[in-house]
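Have a look at the structure below, then the notes.
We number each residue from 1, following the sequence as shown.
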Amino acid sequence: MDDKRYDKEFLETLHQYEAACKAGGSIYLEPDELTDIAEYYYQHSRVDEAIATAEQAMAMFPGAADPLLFRARIALQYENNADKAEQLTHQVNDTDELEYYYITAEIMLAREQDEEADSYLAAREAQVDEDDLEDFRLDAAGLFSSYSNYELAEKWLAKCQDTDFDDYREIEGQIAMGTGQYERSEKIFNHLIDRDPYCIEYWNELASAQYMANNPSGSLESSDFALAIDARNPDAVINKANSLMMLQNYDEALRYYRLFASLQPYDEAGSMGIASVLSLQNRSAEALPYLEQAERLSTPGSGTYFEILCNKCYTHAAMGNYGLAFDVIDQIARDGGSMAEQDMLRAYVFLRQGDEPQAVAHYRKAMAATDPKEQKRGQFFFATSAFGSEHPALARQIFGEMAGGDTGDEWPDVWVYLVLCDHRLGQREDFLRHLRTAVERNGDETLQGLADLFPSHIAPADYYRYALTHPDMAARPSGDTDTHNPSHPSIPHTPL
């Protein structure tokens, strides 16, 4: 953990406080000092101690803003309880503090009341001192960015005057990343790193942008620079784990996910990562307890809850526990999951059971209930599920539908899967046609999904030429049960 913000005076106060607590005594500290200690504990994943310290300050200093607002933020971000956060803010005596404005707006954002939060902050803006206006606008932009409302984040950022200020550029880079402008985001964070090469947050943001841009090697390198600054920084650790998993270095990815889980035991991301790696290694029985742990750490209102349940459904299905898989889908229904998601999951489980007609029926229902903008993703999910569940003809049909128009450019893996389906079905003419298109349209990284079909010394660019001169390729009975699967998770991502 990077302790740059904690100076010698604070660390001495922390030591005295902890020594007094250990001895069963006490020392007098102001509410802001106790809140600083609580925040230190929270940043170091000592959540129980953070809460206890904040609540001690709340009891000693009723109505004091610092501990109440800090405790409200924990209620929002850790406990996912906006009602509790609101109750805590109502106890604050001085409601004219900037932090009070921010937490009030954040409660609205947590309730998906983005426009109300914007209006509230706009009304408060008139009450902010001139000297604090720039910080207020930057903080408002950062708040909206953290809740992925990049339109409002840009609106508030546009009000700022100092556009070369590092905090301004950082939020600008986050907005660029969130809106898919990965190259621009990388450029911004590289510029910030040139200014401050030892700022671990900038390295972490750069690693995230590179990961989102499908550049795991670059992300891994940036993560290593961050870890050279602080070997136990949780963001750097999980960035490295994610990159390693994308690079299919599963053993090392598992090691870093385990390290992240030890550093952030209350964050479900560690357990989710461990489960994902174990699933990719076909260790479903080992993955299941980690998914259950992640579920306990999450709540129905969090962004990861339904993803965890989906993965739990996939894991039970992979283990042949079809009844338990359907039970998980029923749980998703009870907790407010979408009908489209439920039907797509049922389609997946029926595929694993071998009931293709039921799978297709639920797939069609799911697609009918899906936003047109998301239908390609649903098609890809179902087609890859069909391929991985030994329904190559059905998979080929769906991939063929996707290959029409410009989808093949948006989803380059479609061509790889079409080649694999043709190979598995023994359809040489289509195999050659789709292979030629795949080689023309896809980069070497995508074509690695075909590597098992060719000798190791053949470069991806030469796959088509090699297949053309080897008539035995894809010229075999359709009953052949080749189990090759390209480099995609055996447990798929959340479908819709």
Legend entry - Student check: side-chain heavy atoms of Leu152 and Glu115 closer than 4.5 Å: yes

Legend entry - salt_bridge(Arg111, Glu86) N-O dist < 4.0 Å: yes

Legend entry - Side chain Ser298, main chain Ala294, donor-acceptor under 3.5 Å: no

Inset, instruction - Taking atom types as modelled, find out whether Glu106 and Tyr147 have a side-chain donor-acceptor pair closer than 3.5 angstrom. - result: yes

Legend entry - Check: Asp251/Gln281 side-chain N/O donor and acceptor closer than 3.5 Å: yes

Legend entry - Within 6.0 angstrom of Glu183 CD, more than 12 heavy atoms from elsewhere: no

Inset, instruction - For Glu33 and Thr13, test the side chains for any donor-to-acceptor distance below 3.5 angstrom and give the result as yes or no. - result: no

Legend entry - Side-chain heavy-atom pair Val92, Leu69 within 4.5 angstrom cut-off: yes

Legend entry - Polar contact flag, side-chain donor to acceptor under 3.5 angstrom, Glu134-Gln161: no

Legend entry - Polar side-chain atom of Asn321 near backbone of Leu324 as donor-acceptor pair, under 3.5 Å: no

Inset, instruction - Could you pull out the closest heavy-atom pair between Pro62 and Asn93, with the gap in Å? - result: O-ND2, 3.6 Å

Inset, instruction - Answer whether the closest heavy-atom distance between the side chains of Ser217 and Leu247 falls below 4.5 Å. - result: yes

Legend entry - Exercise: identify the closest heavy-atom pair between Ala207 and Ser223: CB-OG, 3.6 Å

Legend entry - Lys/Arg-Asp/Glu bridge criterion (N-O < 4.0 Å) met for Glu18, Arg46: yes

Legend entry - Side chains of Tyr257 and Met245 in contact at under 4.5 Å (non-hydrogen atoms): yes

Legend entry - Validation row: Asp96, Tyr101 side chains within 4.5 angstrom (heavy atoms): yes

Inset, instruction - Check whether NZ of the Lys or CZ of the Arg Arg258 lies under 6.0 Å from the centre of the six-membered ring of Phe260 and within 45 degrees of that ring's axis. - result: no

Legend entry - Donor-acceptor under 3.5 Å (Asp371 side chain, Lys373 main chain): yes

Inset, instruction - Could you tell me whether the side chains of Gln331 and Glu295 share a donor-acceptor contact shorter than 3.5 Å? - result: yes

Inset, instruction - Determine, using ring centers only, whether Tyr78 and Tyr266 are less than 6.0 Å apart. - result: yes

Inset, instruction - Answer yes or no: is there a donor N or O on one side and an acceptor on the other, between the side chain of Asn190 and the main chain of Glu186, under 3.5 Å? - result: yes

Legend entry - Test: Arg195 and Asp164 ion pair at under 4.0 Å: yes

Inset, instruction - Step by step, work out the ring pair (Phe, Tyr, Trp, His ring centres under 6.0 Å) result for Tyr150 and Phe144. - result: CA-CA 7 Å; Tyr150 301 111; Phe144 283 111; over 10 Å; no

Legend entry - Any donor-acceptor pair under 3.5 Å from Ser222 side chain to Ser219 backbone: no

Inset, instruction - Determine yes or no for a side-chain-to-main-chain donor-acceptor pair under 3.5 angstrom, with Asn239 supplying the side chain and Asp235 the backbone. - result: yes

Inset, instruction - For Gln77, look at atom CD and say whether over 12 heavy atoms of other residues, nucleotides or ligands are found less than 6.0 Å away. - result: yes

Legend entry - Note, Met344 side chain near Lys365 side chain (heavy atom, < 4.5 Å): no

Legend entry - Carboxylate-amine/guanidinium contact Glu341 Arg346, below 4.0 Å: no

Inset, instruction - Look at the rings of Phe10 and Tyr40 and say which category their plane angle falls in: under 30° parallel, 30 to 60° tilted, over 60° perpendicular. - result: tilted

Inset, instruction - Taking only Lys NZ, Arg NE, NH1 and NH2, and the carboxylate oxygens of Asp or Glu, determine whether Glu252 and Lys240 approach each other closer than 4.0 Å. - result: no

Legend entry - Ser145 side chain to Ala141 backbone, donor-acceptor under 3.5 Å: no

Legend entry - Salt-bridge present (Glu268, Arg296; N to O < 4.0 Å): no

Legend entry - Heavy-atom side-chain contact between Val237 and Leu227 under 4.5 Å: yes

Legend entry - Interatomic spacing from CG in Leu109 to OG1 in Thr104 - rounded to 0.5 Å: 11.0 Å

Inset, instruction - Verify, without hydrogens or angle tests, whether Gln375 (side chain) and Met367 (backbone) share a donor-acceptor contact under 3.5 angstrom. - result: yes

Inset, instruction - Fit a plane to each ring of Tyr348 and Tyr314, take the angle between them on a 0 to 90° scale, and name the class: parallel (under 30°), tilted (30 to 60°) or perpendicular (over 60°). - result: perpendicular

Inset, instruction - Locate the shortest heavy-atom distance separating Leu291 from Ile308; write the atom from each residue and the value. - result: O-CG2, 3.5 Å

Legend entry - Residue pair Asp139 / Trp156, side-chain donor-acceptor N/O under 3.5 Å: no

Inset, instruction - State, yes or no, whether a side-chain contact exists between Leu76 and Lys84 at a heavy-atom distance under 4.5 Å. - result: no

